[in-house]
Amino acid sequence: MTQRLSPVPSQPTSSRRRFVQIAFGCVAGVPALMACSPDVAKFKSTDVTGATFAENLRLKDQYGSVRTLKDFNGKIVVVFFGYTQCPDVCPTSMATMAEVKRLLGAQGDLLQVLFITVDPERDTQPLLKEYMASFDPGFLALRPGPDELKSVAADFKSYFKKVPGSTPTSYTMDHSAGKYIFDTEGRARLFSPYGTDAITIASDIKILLSAV
């Protein structure tokens, strides 16, 4: 798979930070959620507070249950896109999140990972069950239909593209690989680019939990 580099730098300059805020749909008229709050400076991931990702997220998980962000009120939710036949980027991200949960210790139960497949054609519910269980049984995989996938990717401003292989079923999926982090009230707060280490992500999540 060709990993899609994130357009969001991990340490943006002031001009780039303004671009990030615009690109992620920040709402300037909500001071309580803006990046000037006292603890934002401690974050190592990119602050996207005020963005409107996944407000209408409604997808079935690997067990067939319909899930929305409201199901996870009281938890930090980390969302990212991938697929089970991804050779490197996706399993690396999954392993990173499993390590994040371990680093959180007793607070690990307050973390919910949501893996949205960009390959629903091959990623069946049984396969997704097996894939999630190989990293953490508490992680959930969401499986959109083809039309739903286009819509949810657009909601996250995320990219995906089918890359043909030598046979009809040997294709790969090019896709964005960053992680979207929501606070315990379901508000988008941080964007963590692919490759961010588990210690950094765990540190940011602890900051969010400390504000509860």
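Positions are given from 1, in the same order as the sequence printed here.
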### Query
Does the pair D123/R143 count as a salt bridge with the N-to-O cut at 4.0 Å?
no
### Task
Might you work through the side chain to side chain contact (heavy atoms under 4.5 Å, CB included) test for L59 and V66, ending with a clear yes or no?
CA-CA 5 Å; L59 296 172; V66 176; over 6 Å; no
### Query
Considering all heavy atoms of both residues, which atom of C90 and which atom of H175 are nearest to each other, and what is their separation?
SG-NE2, 3.4 Å
### Task
Please examine the side chains of T96 and E99, heavy atoms only from C-beta on, and report whether any two atoms are closer than 4.5 Å.
no
### Query
How long is the span from the CG atom in L111 to the NZ atom in K75, to the nearest 0.5 Å?
8.5 Å
### Task
Quick one: closest heavy-atom pair of C86 and P91, and the distance?
O-CD, 3.5 Å
### Query
Do you know the tightest heavy-atom contact between L208 and I181?
CD1-CG2, 3.8 Å
### Query
Mind checking whether Y180 and F80 have ring centres under 6.0 Å apart?
no
### Query
Does a side-chain N-to-carboxylate-O contact under 4.0 Å join E121 and K162?
yes
### Query
Do K60 and S65 touch side chain to side chain, with heavy atoms closer than 4.5 Å?
no
### Summary
OG1 of T52 to CZ of F156, rounded to nearest 0.5 Å, is 10.5 Å
### Query
Taking all non-hydrogen atoms of both residues, which atom of G138 and which atom of Q112 are closest, and how far apart?
O-NE2, 3.0 Å
#### Entry: From CA spacing to verdict: side chain to side chain contact (heavy atoms under 4.5 Å, CB included), F135, M97
CA-CA 9 Å; F135 294 98; M97 291 313 304; over 6 Å; no
### Query
Heavy atoms, side chains only, cut-off 4.5 Å: are I116 and P144 in contact?
yes
### Query
Do Y83 and Y171 share a hydrophobic cluster, counting only Ile, Leu, Val, Met, Phe, Trp and Tyr and linking them when any side-chain heavy atoms are less than 4.5 Å apart?
yes
### Message
A side-chain contact here means heavy atoms from C-beta on lying under 4.5 Å apart; do L140 and M132 qualify?
### Response
no
### Task
Determine, using the 4.5 Å side-chain heavy-atom cutoff (strictly less than), whether I76 and L103 are members of one ILVMFWY cluster.
no
### Task
Indicate if L127 and F81 have the same hydrophobic cluster label, given that clusters are the connected sets of ILVMFWY residues with side-chain heavy-atom separations under 4.5 angstrom.
no
### Query
Would you call K161 and D174 a salt bridge, taking side-chain N to carboxylate O under 4.0 Å as the test?
no
### Task
Take L104 and K206 through the test side chain to side chain contact (heavy atoms under 4.5 Å, CB included) and record every step on the way to the result.
CA-CA 8 Å; L104 289 173; K206 287 178 180 179; 3.7 Å; yes
### Query
Quick one: CZ on F53 to OG on S158, what's the gap to the nearest 0.5 Å?
9.5 Å
#### Entry: Gap separating the CG atom of L114 from the CZ atom of R67, nearest 0.5 angstrom
8.5 Å
### Query
Between atom NZ of K129 and atom OG1 of T124, what is the distance when rounded to the nearest 0.5 Å?
9.5 Å
#### Entry: Short N-O contact, D204 and K44, less than 4.0 angstrom
no
### Message
Give me the atom names and distance for the closest heavy-atom approach of Q125 to G64.
### Response
NE2-CA, 3.6 Å
### Query
Within a strict 4.5 Å, meaning less than it, do heavy atoms of the T68 and R58 side chains meet?
yes
### Task
Could you pull out the closest heavy-atom pair between D119 and M173, with the gap in Å?
CB-CG, 4.1 Å
### Task
Would you please name every residue forming a ring pair (Phe, Tyr, Trp, His ring centres under 6.0 Å) with F139, sequence neighbours left out?
none
#### Entry: Validation row: F72, T184 side chains within 4.5 angstrom (heavy atoms)
no
### Message
Under a 3.5 Å distance rule, please check whether S210 uses its side chain to pair with a backbone N or O of I207 as donor and acceptor.
### Response
yes
### Message
With clusters defined by side-chain heavy atoms of hydrophobic residues (ILVMFWY) lying less than 4.5 Å apart, directly or transitively, does L209 cluster with V113?
### Response
yes
### Query
So, does S203 use its side chain to make a donor-acceptor pair with the main chain of I199 at under 3.5 Å?
no
### Task
Taking the side chain as every heavy atom from C-beta outward, state whether L149 and F160 have any pair of such atoms under 4.5 Å apart.
yes
### Task
Mind running side chain to side chain contact (heavy atoms under 4.5 Å, CB included) on Y194 and T92 for me, showing each step along the way?
CA-CA 9 Å; Y194 172 73; T92 297; 3.7 Å; yes
#### Entry: Any side-chain donor near an acceptor of the partner, T200 and T196, under 3.5 Å
no
### Query
Is there a side-chain contact between F115 and L142 (heavy atoms, below 4.5 Å)?
no
